[in-house]
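Down below is the structure, laid out as structure tokens.
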Amino acid sequence: MRTRLVIERIDRVPVTVTMVPGLSMLALICDALAGRDRGTPERWRQLVRSAAATPDEMVVDSLAAPGYNIIPDAAFPGDFSRDLDVPTQLEMLRDLSPDALQVELDSITDGRPPPHWQPAMKHPRRWLHGFANLLEQAWSAMHPEWQQTRALFDREVERIAVASARGALDVVLNDLHADCTFREGALSVPDYGPDEFSIESRGLVLIPMLAGPDALIVRFDGPDAVWIGYPPPHLLVSRPKDTEEQLQFLFGDARATILASVDQPMSMGVLARRIKCHPSVITYHCKRLESAGLVTRRRDGREIYVHLTKRGTALVDLFTS
């Protein structure tokens with residue numbers, strides 16, 4: 001499904017590039033803890049998992065369910081038209097009224113929040129503080145990585161400024177992300193709910209993110225501006241790939257990690273703790289691997305054990321050799 005943003009006179013749209021690292025942390029949290037697969041390097045995933053050793057499961061569940069794309073504005077307070085650092089956002093997030101989260105969730109879901117957001121409706125203060133803790137933990141782990149790549153983000157700001165000055169912003173938008181296209185005055189992006197918006201007199205805010213190459217976070221219905229979080233070109237440098245990373249090309253990070261971990265039978269609980277994903281996420285991926293004939297699951301008392309089939313072992317051996 002696709003959502004379109006109509007920008008008929010792109011030469012007249014005010015464009016701003018800002019740094020909002022909290023948005024990057026959301027993308028990394030979704031990949032590292034909630035089982036999303038958007039190309040984040042395993043090294044970054046491990047950093048976030050190690051920092052967030054005991055996340056609030058209610059918060060992780062709200063971000064993990066496949067088929068939904070709900071991120072309340074309340075989760076990211078502040079003016080995105082200017083640089084916004086993580087400590088400032090954390091302070092605003094922890095000071096936010098729980099009612100604000102409830103009202104927004106009720107509004108964006110037409111009073112029918114999906115099951116994975118219903119606990120947040122009942123315990124909004126817990127969700128806000130749990131999410132703030134996750135952001136803070138992810139930032140503590142990733143801040144050195146952000147500093148190392150800051151020069152690349154500065155070049156991206158210059159690239160957008162030059163393109164805008166030369167009237168080539170349409171070229172930038174068409175190449176903004178692998179899943180984005182700009183054609184005939186409209187930017188098209190993938191989304192779970194197809195819709196169409198017009199930028200009208202609002203500005204466009206581009207937010208380069210420290211994230212996997214497939215990450216994309218947008219808001220097209222903001223009252224003052226449209227913003228798009230995206231990974232800048234050439235963010236990731238190719239590195240030699242181990243067995244797990246090679247498997248990622250076929251199965252994505254979560255399932256590749258499972259295949260690489262269950263060379264001996266392993267309980268679902270131990271597997272979830274080793275990979276540092278929520279048990280429901282592990283169950284989801286194991287079911288898909290089982291359907292492909294690569295793992296089997298068996299119950300032994302109160303535990304369910306996962307192990308490779310002959311087919312799964314042969315596949316892992318193929319990438320090991």
Side-chain angles (χ1 to χ4, degrees), residues 19-66 68-78 80 84-98 100-102 104-105 113-146 207 209-212 215-217 219 229 231 253-254 257 272-282 284:
M19 298 295 117
V20 185
L23 206 62
S24 300
M25 297 307 103
L26 170 63
L28 294 171
I29 288 167
C30 287
D31 275 25
L33 302 178
R36 297 293 177 90
D37 181 14
R38 292 180 289 195
T40 298
E42 185 59 26
R43 178 169 57 92
W44 291 357
R45 289 175 180 264
Q46 292 293 350
L47 284 172
V48 174
R49 289 170 185 158
S50 296
T54 56
D56 189 322
E57 293 182 359
M58 180 181 70
V59 178
V60 175
D61 283 347
S62 69
L63 304 173
Y68 293 93
N69 192 23
I70 297 174
I71 302 295
D73 289 345
F76 285 98
F80 279 24
L84 195 59
D85 60 65
V86 173
T88 299
Q89 281 198 303
L90 289 173
E91 184 178 353
M92 289 189 290
L93 190 59
R94 287 172 173 144
D95 288 342
L96 195 66
S97 167
L101 179 63
Q102 290 177 313
E104 185 180 358
L105 284 173
H116 62 289
W117 273 105
Q118 290 174 7
M121 288 286 286
K122 295 178 181 178
H123 308 284
R125 185 182 300 278
R126 174 184 158 189
W127 191 94
L128 289 169
H129 283 261
F131 182 64
N133 290 340
L134 268 182
L135 283 182
E136 187 171 36
Q137 291 160 354
W139 180 239
S140 70
M142 293 300 299
H143 184 254
E145 299 284 337
W146 177 273
I207 308 173
M209 297 193 303
L210 183 70
L216 184 70
I217 305 176
R219 187 187 179 190
D253 289 358
T257 304
R273 289 193 293 273
R274 174 175 290 191
I275 301 178
K276 295 185 178 177
C277 276
H278 191 269
S280 64
V281 175
I282 296 297
Y284 172 79

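- No donor-acceptor pair closer than 3.5 Å links the side chain of Gln137 to the backbone N or O of Val48.
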Thr257 vs Glu42, side chain to side chain contact (heavy atoms under 4.5 Å, CB included): CA-CA, chis, key distance, verdict
CA-CA 9 Å; Thr257 304; Glu42 185 59 26; 4.2 Å; yes
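- Note that CD of Gln46 and OG1 of Thr40 are 12.0 Å apart. Values are rounded to the nearest 0.5 Å.
- We find the CZ-CG distance between Arg38 and Leu216 to be 9.0 Å, quoted to the nearest 0.5 Å.
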Using side chain to side chain contact (heavy atoms under 4.5 Å, CB included), reason through Val86 and Met142 one step at a time and then give a plain yes or no.
CA-CA 11 Å; Val86 173; Met142 293 300 299; over 6 Å; no
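- The main-chain N or O of Asp73 is found under 3.5 Å from a side-chain atom of Glu104 such that the two form a donor-acceptor pair.
- Of all heavy-atom pairs between Asp61 and His116, the closest is O-CB, 3.6 Å.
- Taken from CG in Leu28 to CG in Leu23, the straight-line distance is 10.0 Å, to the nearest 0.5 Å.
- Under the 4.5 Å side-chain criterion, counting only non-hydrogen atoms from C-beta, Leu26 is in contact with Leu63.
- Interatomic distance, Met19 CE to Asp85 CG, rounded to the nearest 0.5 Å: 13.0 Å.
- Looking at every heavy atom in both residues, Ala52 comes nearest to Leu134 through CB-CD2, 3.6 Å.
- Listed for the Glu145 side chain is no donor-acceptor partner under 3.5 Å among the backbone atoms of Trp44.
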Might you work through the side chain to side chain contact (heavy atoms under 4.5 Å, CB included) test for Leu90 and Leu135, ending with a clear yes or no?
CA-CA 8 Å; Leu90 289 173; Leu135 283 182; 3.9 Å; yes
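- Closest heavy-atom contact between Ala51 and Ala141: CB-CB, 3.7 Å.
- Contact detail for Gly22 and Phe76: the closest heavy-atom pair is O-CE2, 3.3 Å.
- Checking side-chain atoms of Arg125 against main-chain N and O of Pro98 turns up no donor-acceptor pair under 3.5 Å.
- Between Gly39 and Asp31 the shortest heavy-atom distance is N-OD2, 4.0 Å.
- Side chain to side chain, Ser24 and Trp146 fail the donor-acceptor criterion of an N or O pair below 3.5 Å.
- With hydrogens and angles disregarded, a donor-acceptor distance shorter than 3.5 Å links the side chain of Ser62 to the backbone of Val59.
- Side-chain contact between Leu101 and Leu96: absent, with no pair of heavy atoms (C-beta onward) separated by less than 4.5 Å.
- Summarising the geometry, atom CG belonging to Leu105 is positioned 6.0 Å from atom CE belonging to Met121; distances are rounded to the nearest 0.5 Å.
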Would you check, one step at a time, whether the test side chain to side chain contact (heavy atoms under 4.5 Å, CB included) holds for Ile71 with Ile217?
CA-CA 9 Å; Ile71 302 295; Ile217 305 176; 5.6 Å; no
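- Nearest approach of Gln118 to Pro113, heavy atoms of both residues: NE2-O, 3.1 Å.
- Side-chain contact check for Asn133 versus Arg94: some heavy-atom pair is nearer than 4.5 Å.
- Using bins of under 30°, 30° to 60° and over 60° for the plane-to-plane angle, the ring pair Trp127/Phe131 lands in the parallel bin.
- Atom-to-atom distance recorded for Leu93:CG and His129:NE2 is 8.0 Å, nearest 0.5 angstrom.
- Counting only heavy atoms from C-beta outward, the side chains of Met58 and Lys122 never approach each other to under 4.5 Å.
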